[in-house]
Each structure stands twice: as C-alpha cells, then as structure tokens.
Amino acid sequence: MAKKKHVLYGIFMFFAIIILLIILFYAVKILKNGISSWNKSDMDLVNNETDEGLETENYDLGENSLPNYENEDDISTEIIDDTRKENDQVKVKDPNETDDITFGIDVAKWQGIIDWEKVAASDVDFAIIRVGYRAQADGKITEDPYAKYNLQQAQKHGIKLGAYFFSTAVSEKEAIEEAEWVVNFIAPYKITYPVAYNCEGFNDPSSRQYGMNKEKRSKLAVSFLDYIEEKGYTPMFYAARSELEGSMEWDTDILTEKYKIWVAHYPDYDVTADMKSSYLGSHDMWQYTSKGSVAGIENPVDLNFAYFGYKKEAEAKIDTPIEEVEADPAALFYFEEVNEKVTAKDVTNLRNQPNTDDSEVISVLKYGDTAKRIGIGDNGWSKLEYKGEILYAISSYLTTDLNYQENSKPTLENPEAGIAFTEVEEKVTAKIKTNLRLVPSTDSDDTIVTSLKKGDTAIRTGIGSNGWSRVEYDGKTLYAVSNYLVLVEEE
C-alpha cells in the first residue's frame with residue numbers, strides 16, 4: 001500500500017513540473033512582449049505630449065518659462081520655425097537675448113534736448129525711443145521731431161536702442177502702413193531691443209478709435225506687430241496694467257501668447273530691480289514711473305526694467321550713411337501754421353530760439369518793417385521768416401495791422417483804439433484834482449470835460465493797458481490817468 005502511494009505521488013509531481021514549465025514558458029513570452037509594447041506606447045505618449053507642447057504651450061521667453069538648456073545650440077531653431085508656421089502663438093527667442101534684468105528709459109520730444117553722454121554715464125542700458133505717431137486730428141503719420149537726434153546720439157554713446165510708435169489706426173491697412181513706416185524709418189539704426197506698439201486714449205471722444213471694441217483694436221495691434229516681426233525685429237505690446245487685467249481693454253491672452261508685453265504700472269513705493277509689477281499677467285518689461293530723473297534729461301522721464309537683455313548690439317538692416325542732425329529747440333512746442341505779413345507794434349527782438357533764456361538776439365523788427373509769420377506757437381511765441389532766416393518773436397509784440405500805430409491812436413470817434421481795458425466796477429476819487437477827458441490821451445486840451453476833486457466820487461468801469469481808467473461821472477463816459485485815482489473805502 002505504501003509503495004502504491006509513492007508511485008502515485010511521483011506521477012503527480014511529474015505532471016506538476018510539466019505544467020509549471022509550460023506556465024513559465026508562456027509567462028516569459030508574455031512578459032517579453034509586454035515590456036516591448038509598454039516601451040513603444042510610452043515613447044509614443046512622450047512624443048505626443050512633446051508635439052502638443054510645441055503647438056500650444058505659451059513660451060514666455062521674458063519670464064524664463066522655457067526649459068533650461070545647458071547649451072543654447074541644442075535648441076533646434078529649424079523645428080521652432082516650422083512649428084511657428086503651424087501655430088503662430090509660439091514666441092521665438094532671439095539667440096542674442098539673455099535673461100539679465102536691464103534698466104532703461106523711454107523718451108519722446110517731451111523730454112526736450114537730451115545730453116546722451118550724461119545718460120550713458122548713468123547706468124542706462126537701453127532707450128526705447130518714440131519714432132513717430134499718427135495724429136488724432138488728421139490721421140497723418142508724423143515723425144517725432146527728436147527721433148533722429150535721439151537715435152543717433154544714444155547709439156553713438158553705446159546705449160542699446162529700441163523703438164515705439166503711437167498708433168491711432170482705425171483699419172488693418174492703416175496699422176500695416178504704420179508698421180511699414182516704422183520699419184523704413186529705423187532701418188539705418190542698430191535696433192537691439194524690441195519695437196513696441198503704443199495705443200492710448202481710445203476712450204476719449206476726440207480719439208479716432210473712439211467706440212472701437214477691444215477685439216478690433218487688438219487685431220490692429222496684431223497686424224502692426226506681425227509686420228514688425230516679419231521684418232526681423234522683436235515685437236512688443238505696451239499697455240497699462242488696468243487695460244490688460246481681465247482683458248479689460250485688450251484681448252490680453254492673444255497678445256501675451258504672441259509678443260513681449262510691456263506693462264505700465266506706477267506703484268506708490270520705491271522700486272528695485274528685483275521687483276515686478278503687481279500685474280499678475282505675463283510681462284517682459286515694466287514701466288514703473290513716468291516721473292523719473294536721469295542725468296542729462298531735464299524733464300521727467302519714464303523708467304523701465306526689462307527682464308531680458310542682449311549679449312551684443314544688433315546690426316542695422318541697411319548700411320546707408322546717416323546724416324547727423326541737430327535737435328531743434330522749437331520742436332517741443334506746437335506751432336499752428338499760418339502765412340501772414342506782420343510788423344512790430346513798436347520794436348521787438350527776433351531770436352534764434354523761442355525763449356529768452358538760452359537764445360540769441362539775431363535781429364530787431366521795428367514798426368513799419370515786415371516779416372512773414374509762418375507759425376503761432378502754443379508757448380506765446382511766433383515763428384517768422386525774416387531776411388532768409390527762421391527766427392522767433394513774442395506774439396503779443398507783433399500785429400497783422402500794418403498801420404497799427406495810426407489805427408491805435410485814440411480819437412473822439414474811437415477813444416479806446418489800441419487799448420485793452422480790464423472791466424471793473426468800483427468807486428474812486430482823485431488823489432488830487434485830476435482832469436476827466438473824452439479820450440485817454442493828453443495830446444489836446446480840447447478833450448478836457450471837467451475835473452474830479454479829492455472827495456468827489458466816480459464809478460470806474462475799466463482799467464486800460466495804457467495807464468488810463470474809464471470812469472462814469474455826471475452821466476458821461478470819461479477818462480482819467482489811473483495813478484491819479486484811488487479807491488473809496490466803503491464805510
């Protein structure tokens with residue numbers, strides 16, 4: 001019986017071993033195929049995620065959101081360029097660009113004539129210079145009068161250049177026209193920093209863009225900036241924090257995906273280079289004050305931190321020699337264009353600049369001499385052509401009445417000719433006995449009507465620019481020398 005049990009146990013173990021070997025064989029085969037399949041699936045998944053990342057990820061280069069490559073040459077520029085054709089929301093980093101924080105200014109004619117040598121000695125890394133604007137009134141593209149001077153002098157003193165344009169475009173055609181104008185204007189200069197699109201004041205009823213919705217305004221900005229990029233410059237969009245937050249005034253997501261963002265936000269605390277604007281959206285440059293002070297600039301200036309820099313200065317797009325220009329001191333003021341003949345009311349100086357502080361007297365205009373006035377300034381000065389030169393005179397000293405002195409003499413028919421009276425209503429008496437006349441002039445005693453004695457009262461209705469007063473006395477309008485009159489104090 002025991003022997004039979006051992007035989008049965010042996011048979012059972014034999015078949016068990018056979019079954020175990022079969023199971024092990026198929027297990028190894030299945031495991032081998034499984035590992036191969038898993039590897040293939042995993043690689044496909046990685047590849048798919050990489051492709052999606054290239055197509056949809058927002059690479060904000062100014063915010064250091066790209067992967068950290070040990071060698072910049074490892075980045076395939078060709079692949080990025082091909083991807084950009086499929087999805088233009090990927091921003092391409094200039095190989096010359098760094099992640100350094102750099103300090104700069106942005107300037108226009110409002111900063112006056114800048115001493116760029118002093119600016120360069122003030123640790124300013126870059127200057128974003130307004131090159132032009134489209135006027136609100138007539139829609140004409142106009143060059144900033146100091147643009148060439150600022151570009152030349154900043155470049156000459158080793159400050160890296162960027163540029164911006166103030167747009168009031170109302171159509172895609174106008175936006176592209178603006179961009180084309182900018183590209184042609186800046187081509188001879190070494191534009192290293194971005195070229196920015198600036199659009200403000202669109203909610204003012206006087207704006208050409210008043211009533212335009214944010215979608216259309218954003219499309220115009222895209223048209224401008226895409227053209228800038230096509231021509232080899234780095235595009236950048238400028239706006240205030242309040243306009244960008246929550247896409248309040250712009251299609252912020254689209255603009256942020258495509259371009260560098262330059263945000264204006266002026267905090268009420270001191271700013272240092274390690275800070276960023278409290279604007280939570282992605283931004284590459286921060287304009288943190290409009291009231292900055294920099295050596296070489298007399299007027300307040302905008303100050304900026306850029307969260308990027310450049311290893312070297314860019315080359316100009318064209319090598320056309322640049323004719324050096326001088327800054328025009330009159331460019332800070334607006335002169336309404338006129339074309340009229342003027343003379344001096346008496347005698348007035350003609351100067352080489354519209355001010356009395358830094359100018360030189362070049363000539364003198366006397367009554368009877370004439371000059372051609374070509375502009376009336378908002379600063380109280382007139383621009384004249386006189387003996388082949390452009391000169392300036394105080395507007396109030398000039399007149400278009402070429403017979404001014406004859407026409408400005410008081411007469412019985414026109415006793416206030418040539419005199420400006422300030423209207424008043426006050427009780428006066430004479431300091432001493434004073435004559436009351438029909439005209440404010442002592443040329444003839446025949447105009448004396450009566451006298452005003454000390455203690456007698458009259459009502460003064462006007463104080464003249466020639467030292468005479470107009471008074472009402474005994475039902476008549478008469479005139480007396482102002483210095484001979486005194487106010488009567490009311491009891």
Side-chain angles (χ1 to χ4, degrees), residues 60-65 97-130 144 146 150 153-155 157-164 166 192-201 203 234 236-250 252 255-256 259-311 313 332:
D60 191 343
L61 305 181
E63 296 277 327
N64 297 325
S65 59
E97 185 178 320
T98 71
D99 294 328
D100 298 333
I101 297 177
T102 52
F103 171 67
I105 58 178
D106 59 274
V107 300
K109 74 170 188 176
W110 314 116
Q111 277 63 54
I113 300 175
I114 297 173
D115 185 334
W116 285 99
E117 184 175 5
K118 291 182 179 178
V119 174
S122 302
D123 298 323
V124 171
D125 299 307
F126 66 88
I128 309 294
I129 292 169
R130 186 178 79 159
D144 185 294
Y146 288 164
N150 286 335
Q153 292 298 312
Q155 180 174 297
H157 289 92
I159 297 173
K160 292 184 176 69
L161 298 177
Y164 79 92
F166 185 90
T192 307
Y193 274 73
V195 177
Y197 179 86
N198 175 211
C199 176
E200 302 175 51
N203 288 327
T234 300
M236 184 164 66
F237 178 78
Y238 170 93
R241 180 187 67 170
S242 59
E243 295 177 1
L244 293 169
E245 285 179 332
S247 293
M248 183 63 68
E249 298 288 1
W250 299 96
T252 304
L255 294 169
T256 302
Y259 316 112
K260 287 188 182 298
I261 297 297
W262 180 12
V263 64
H265 163 225
Y266 308 153
D268 56 1
Y269 51 80
D270 292 335
V271 173
T272 58
D274 58 347
M275 296 180 179
K276 280 203 172 186
S277 166
S278 59
Y279 169 58
L280 297 179
S282 172
H283 56 286
D284 306 87
M285 189 182 293
W286 177 20
Q287 183 188 87
Y288 63 88
T289 183
S290 61
K291 298 178 181 179
S293 178
V294 172
I297 305 177
E298 293 185 4
N299 298 326
V301 61
D302 298 337
L303 303 182
N304 304 270
F305 285 121
Y307 303 105
F308 58 92
Y310 295 91
K311 299 172 187 175
E313 193 175 51
L332 186 59

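Hydrogens, waters and symmetry mates are skipped; everything else that's a heavy atom, side chains included, is used.
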Polar side-chain atom of [X] near backbone of [Y] as donor-acceptor pair, under 3.5 Å:
X	Y	value
Thr192	Leu161	no
Gln111	Pro300	yes
Asp284	Ile261	yes

Close side-chain approach of [X] and [Y], heavy atoms under 4.5 Å:
X	Y	value
Asp125	Ile159	no
Tyr279	His265	no
Val107	Tyr146	no
Thr289	Asp302	no
Met236	Tyr259	no
Pro194	Tyr164	no
Met275	Trp286	yes
Phe237	Asn198	no

Test side-chain contact (heavy atoms from CB on, under 4.5 Å) on Thr98 and Tyr310 and set out the steps.
-> CA-CA 5 Å; Thr98 71; Tyr310 295 91; 5.9 Å; no

Ion pair Asp144/Lys109, N-O distance below 4.0 Å = no

Hey, mind stepping through Gln155 and Glu313 against side-chain contact (heavy atoms from CB on, under 4.5 Å) and telling me if it holds?
-> CA-CA 10 Å; Gln155 180 174 297; Glu313 193 175 51; 4.3 Å; yes

Could you measure the distance from the [atom1] atom of [X] to the [atom2] atom of [Y]? Nearest 0.5 Å is fine.
X	Y	atom1	atom2	answer
Leu255	Lys260	CG	NZ	15.0 Å
Arg130	Asn150	CZ	CG	10.5 Å
Ser290	Tyr266	OG	OH	4.5 Å
Met285	His283	CE	NE2	11.0 Å
His157	Ile114	NE2	CD1	12.0 Å
Lys291	Leu303	NZ	CG	12.5 Å

Taking only residues two or more places apart in sequence, or in another chain, which ones meet Tyr238 in a side-chain hydrogen bond (donor to acceptor under 3.5 Å, both in side chains)?
-> Gln287

Taking only residues two or more places apart in sequence, or in another chain, which ones meet Asn304 in a side-chain hydrogen bond (donor to acceptor under 3.5 Å, both in side chains)?
-> Asp106, Trp262

For Asp274 and Thr272, does a side-chain donor sit closer than 3.5 Å to a side-chain acceptor?
-> yes

Under 3.5 Å, is there a donor-acceptor pair linking the side chains of Tyr307 and Thr102?
-> no

Residues in salt bridge (Lys or Arg N to Asp or Glu O under 4.0 Å) with Glu249, at least two apart?
-> Arg217

Please name the residue in the list Ser278, Ser277, Ser242 that meets the side chain to side chain contact (heavy atoms under 4.5 Å, CB included) test with Val263.
-> Ser277

Report, as yes or no, whether the 6.0 Å neighbourhood of atom CE on Met248 holds more than 12 heavy atoms from other residues, nucleotides or ligands.
-> no

Kindly state whether the ring of Phe305 and the ring of Tyr288 have centres lying under 6.0 angstrom apart.
-> yes

Check: Tyr193 ring centre within less than 6.0 Å of Phe308 ring centre | yes

Looking only at non-hydrogen atoms, find the nearest pair between Ile297 and Val301 and report the distance.
-> CD1-CG2, 4.1 Å

